[in-house]
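Note: hydrogens, waters and symmetry copies are ignored here, and every other heavy atom, side chains too, is used. By convention in this document, chain letters (A, B, ...) are assigned in the order of the sequence lines, proteins followed by strands, and residues within each chain are numbered from 1.
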Protein chains: 2
Amino acid sequence: MLHVAEAARVSVATVSALINGTATVSPELSQRIEQAIRDIGYKRNAIARSLKMGTTRTIGLTVPHITNPFFTDVVSVIQQAFDRAGYAVMLCCTDEDLNTQDDQIRLLLDRMVDGLIVARVGDGAILKRIVDDANVPVVLLDRICEGVDTDTVVLDNQRAVFDAITYLINLGHRRIGYITGTSDISPMHDRMAGYREALHAAGLPIAEELIRFGNFHEIDGYNATMQMLSSHDRPSAIFSANNPMVIGTMKAIRDIGLSCPEDISVACFDDFPWSDVFQPQLTTVAQPVQAIGEQAANLLLDRLAGNRDAPPRKLLLKGRLMIRNSCRPLGAIAQSVSA
Amino acid sequence: MLHVAEAARVSVATVSALINGTATVSPELSQRIEQAIRDIGYKRNAIARSLKMGTTRTIGLTVPHITNPFFTDVVSVIQQAFDRAGYAVMLCCTDEDLNTQDDQIRLLLDRMVDGLIVARVGDGAILKRIVDDANVPVVLLDRICEGVDTDTVVLDNQRAVFDAITYLINLGHRRIGYITGTSDISPMHDRMAGYREALHAAGLPIAEELIRFGNFHEIDGYNATMQMLSSHDRPSAIFSANNPMVIGTMKAIRDIGLSCPEDISVACFDDFPWSDVFQPQLTTVAQPVQAIGEQAANLLLDRLAGNRDAPPRKLLLKGRLMIRNSCRPLGAIAQSVSA
DNA sequence: TTGTAAGCGTTATCAT
DNA sequence: ATGATAACGCTTACAA
């Protein structure tokens, strides 16, 4: 900018005034300055501006795994929304690791991000302290956080799984396997509650050996399914509370020589774009990813626009059961087995 | 930092020296300073540091669509690599739009990113100018760029498609539909060349009506497939040069009342994690996503570490044909049709 | 070993 | 309408 000012024979203040329209500058000087800007190819340095202004027009976004289709979509929507608003987004993946998340959030805060969207992991205590210290607005995505009272966008997970399990029960299933991630994060906790609630509402017993915990990855779904199917009294249906793990479930079913839905019914949380093209067409609980991403972005954008004092807004969205052909009435299963 | 200095009754220079280990400071002062840092909860401001140092420890990454599974994986790998190295990554999605890409790269450059990884889109001329002006290292990912002579990681696309089409030909297919994105980007151009080369090598004619151009999205694959299948002389196999479009192809096959592989064989570029679990199990060309992401990251990290003068390094990786069951010998197709 | 002070590229206040 | 100048928070000669 100094170069521009010199070339145009004006002061830097005038250049700044012109660029930002913060004061009126005469036509002659305007022209000289614009010419100089073109000649030199001047671009305003956003870092210096940030230092002075105290704002970076950058937000931080942290999710557990970007390869989880749910997060892929949500990240995509959020990124687009901020791009439209002229914000940059720094993306971090915590890999479901608490310390990693910790480091990443500090890294983002050090870089003076104007706001944070976080799908947290693990214990919320540290997150709470970080968020309290930092003076930036935070929106919690997908996962609520005990003690952190801030804008939130989550699904009604309990209700969604209740519906799915009830559907399975109505199909005649009595022994329904349930594969979940560690329940220290709210969605896993709430989904499990939905499972228990549905069984309870139907007057069915809860068989603890049918509940398996994994670490969110395909391999965990594989192992959990293997264990359940190797038992002498295997379930007639399996619900996976997490999207990547259901791939493992399907591989285990295949490897053990069974097939879905003939021998075992399968349903899972989170929809796939290809769900209704390949066989079996998985019955899933679809989350409104577009809405989730947009709401999260809007909530933060609203705070960024200056609305700091509004009380925390908690959005609870509804899932939708997408019934396809991966779950069969239990009668049909009995037939195919006896055939 | 000023606060810390005051609280510890030292100068800011001493605080800085201690934090950065850039000079030795006496035990007494060290202790006082560390105490003050804890008391105040001081965190170094990375923006101010960046302004002074001229480096942000942040890189920019732009891809067309993060929802394209290939890019999802590559972005994930790259993000992890830079996270390990203490870098933040700003992610942008161009949506295959030239102007968007333009704006985003400028936005990243304004923010003084230390380097850029770009899976470019459209005409390379503007990209070239931008890259020349900016004084940051750039690595080109997935797509080379005429005139931009810099580090590059791409696949041997022509060879990969040649292999896939040859496989189809050996199965007995003669009329092979080909669905591609606009060929102004190198992978699409090279893959098409592989298609033509394979037909030519087998002495087969190239039927231009079997080559359809789409815009990379599922809907484009759908439309292209619909058109081909509605013709009186439809192909016996379809190859989709792009991953999202093959979902459209499968939907079109279903909607038109045909089935794969019984009525028509399908193969495509880019592998899916679930390819060998659902039916039909798609035959695909798998890219070494892990290697691609790591190499791109390493190339940039190496430049960032100071190796600026090495000549541009061009990495050409090999694809792998994953043969599954979505392609049938033509004889079998004839049988199932006559049956 | 420690402190003083200049400077990174902006914006903003206050004279002129 | 324009310009001089301080300030944002840091690093780094250089001086003490």
Worksheet item: Does the side chain of B:Arg313 come under 3.5 Å of the side chain of B:Asn298 through a donor N or O and an acceptor N or O?
Response: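 Short answer, no.
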Worksheet item: Distance only, no hydrogens: is a donor on one side chain within 3.5 Å (strictly under) of an acceptor on the other, for A:Arg111 and A:Thr58?
Response: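 Side chains of A:Arg111 and A:Thr58: no pair found under 3.5 Å.
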Tell me whether [X] is salt-bridged to [Y], with the criterion being a basic N under 4.0 Å from an acidic carboxylate O.
| X | Y | result |
| --- | --- | --- |
| B:Arg129 | B:Asp133 | no |
| B:Asp102 | B:Arg106 | yes |
| A:Arg84 | A:Glu294 | no |

Practice prompt. Answer yes or no: does atom CD of B:Glu6 have more than 12 heavy-atom neighbours from other residues, nucleotides or ligands under 6.0 Å?
Written response: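 Enclosed: over 12 neighbouring heavy atoms sit under 6.0 Å from CD of B:Glu6.
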Practice prompt. Step through the shown structure and confirm whether more than 12 heavy atoms of other residues, nucleotides or ligands are within 6.0 Å of CD on A:Gln31.
Written response: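 No - once you tally the heavy atoms of other residues, nucleotides and ligands closer than 6.0 Å, there are 12 at most.
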Worksheet item: Residues in side-chain hydrogen bond (donor to acceptor under 3.5 Å, both in side chains) with B:Ser76, at least two apart?
Response: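 Counting only residues at least two positions away or on another chain, B:Ser76 forms a side-chain hydrogen bond (donor to acceptor under 3.5 Å, both in side chains) with B:Gln80.
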Can you tell me how far [atom2] of [N] sits from [atom1] of [X], to the nearest Å?
| X | N | atom1 | atom2 | answer |
| --- | --- | --- | --- | --- |
| A:Arg49 | C:dT10 | CZ | P | 10 Å |
| A:Leu29 | D:dA1 | CG | P | 11 Å |
| A:Glu28 | D:dA1 | CD | C1' | 10 Å |
| A:Leu51 | D:dA6 | CG | P | 17 Å |
| B:Glu6 | C:dT4 | CD | P | 12 Å |
| B:Leu18 | D:dT12 | CG | P | 15 Å |
| A:Lys43 | C:dT10 | NZ | P | 11 Å |
| B:Asp110 | C:dC8 | CG | P | 19 Å |

Fill in: A:Ala48 side chain, from C-beta outward: closest of C:dT1, C:dT10, D:dT2
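The nucleotide sitting nearest to the side chain is C:dT10.
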Worksheet item: Taking the side chain of B:Ser11 as its heavy atoms from C-beta onward, which of D:dC10, D:dC8, C:dG3 lies nearest to it?
Response: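 So the side chain of B:Ser11 is nearest to C:dG3.
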Worksheet item: Contact class for B:Ile47 (heavy atom, under 4.0 Å): base, sugar-phosphate, or nothing?
Response: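 Result for B:Ile47 = nothing.
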Discussion item. Considering every strand and a 4.0 Å limit on heavy-atom distances, what is the contact class for A:Leu2: base, sugar-phosphate, or nothing?
Written reply: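 Since no nucleic acid heavy atom lies under 4.0 Å of A:Leu2, the category is nothing.
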Name every donor-acceptor pair, under 3.5 Å, that has one atom in a side chain of residues 304-311 of chain A and the other anywhere in the protein, sequence neighbours excluded.
{"residue": "A:Asn307", "atom": "ND2", "partner": "A:Asp302", "partner atom": "OD2", "Å": "2.9"}
{"residue": "A:Arg308", "atom": "NE", "partner": "A:Arg303", "partner atom": "O", "Å": "3.1"}

Just the table, please: protein N/O against nucleotides 12-16 of chain C N/O, every pair under 3.5 Å.
none

Worksheet item: Which atom names give the shortest non-hydrogen contact between A:Cys93 and A:Thr100, and what distance separates them?
Response: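 Heavy atoms of A:Cys93 and A:Thr100 come nearest at O-CG2, 4.1 Å.
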Fill in: A:Glu96 to A:His65 - nearest heavy-atom pair and separation
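Where A:Glu96 meets A:His65 most closely, the heavy atoms are CG-NE2, 3.6 Å.
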Practice prompt. Measure the angle between the two terminal helix axes of the helix from C:dT1-D:dA16 to C:dT16-D:dA1, five base pairs each, and quote it to 10°.
Written response: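 Result, rounded to 10 degrees: 50°.
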Practice prompt. Quick one: list whatever passes salt bridge (charged side-chain N to carboxylate O under 4.0 Å, His left out) with B:Lys314, sequence neighbours left out.
Written response: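 B:Lys314 satisfies salt bridge (charged side-chain N to carboxylate O under 4.0 Å, His left out) with B:Asp149 only.
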Between N or O atoms, less than 3.5 Å apart, protein on one side and nucleotides 14-16 of chain D on the other: list the pairs.
none

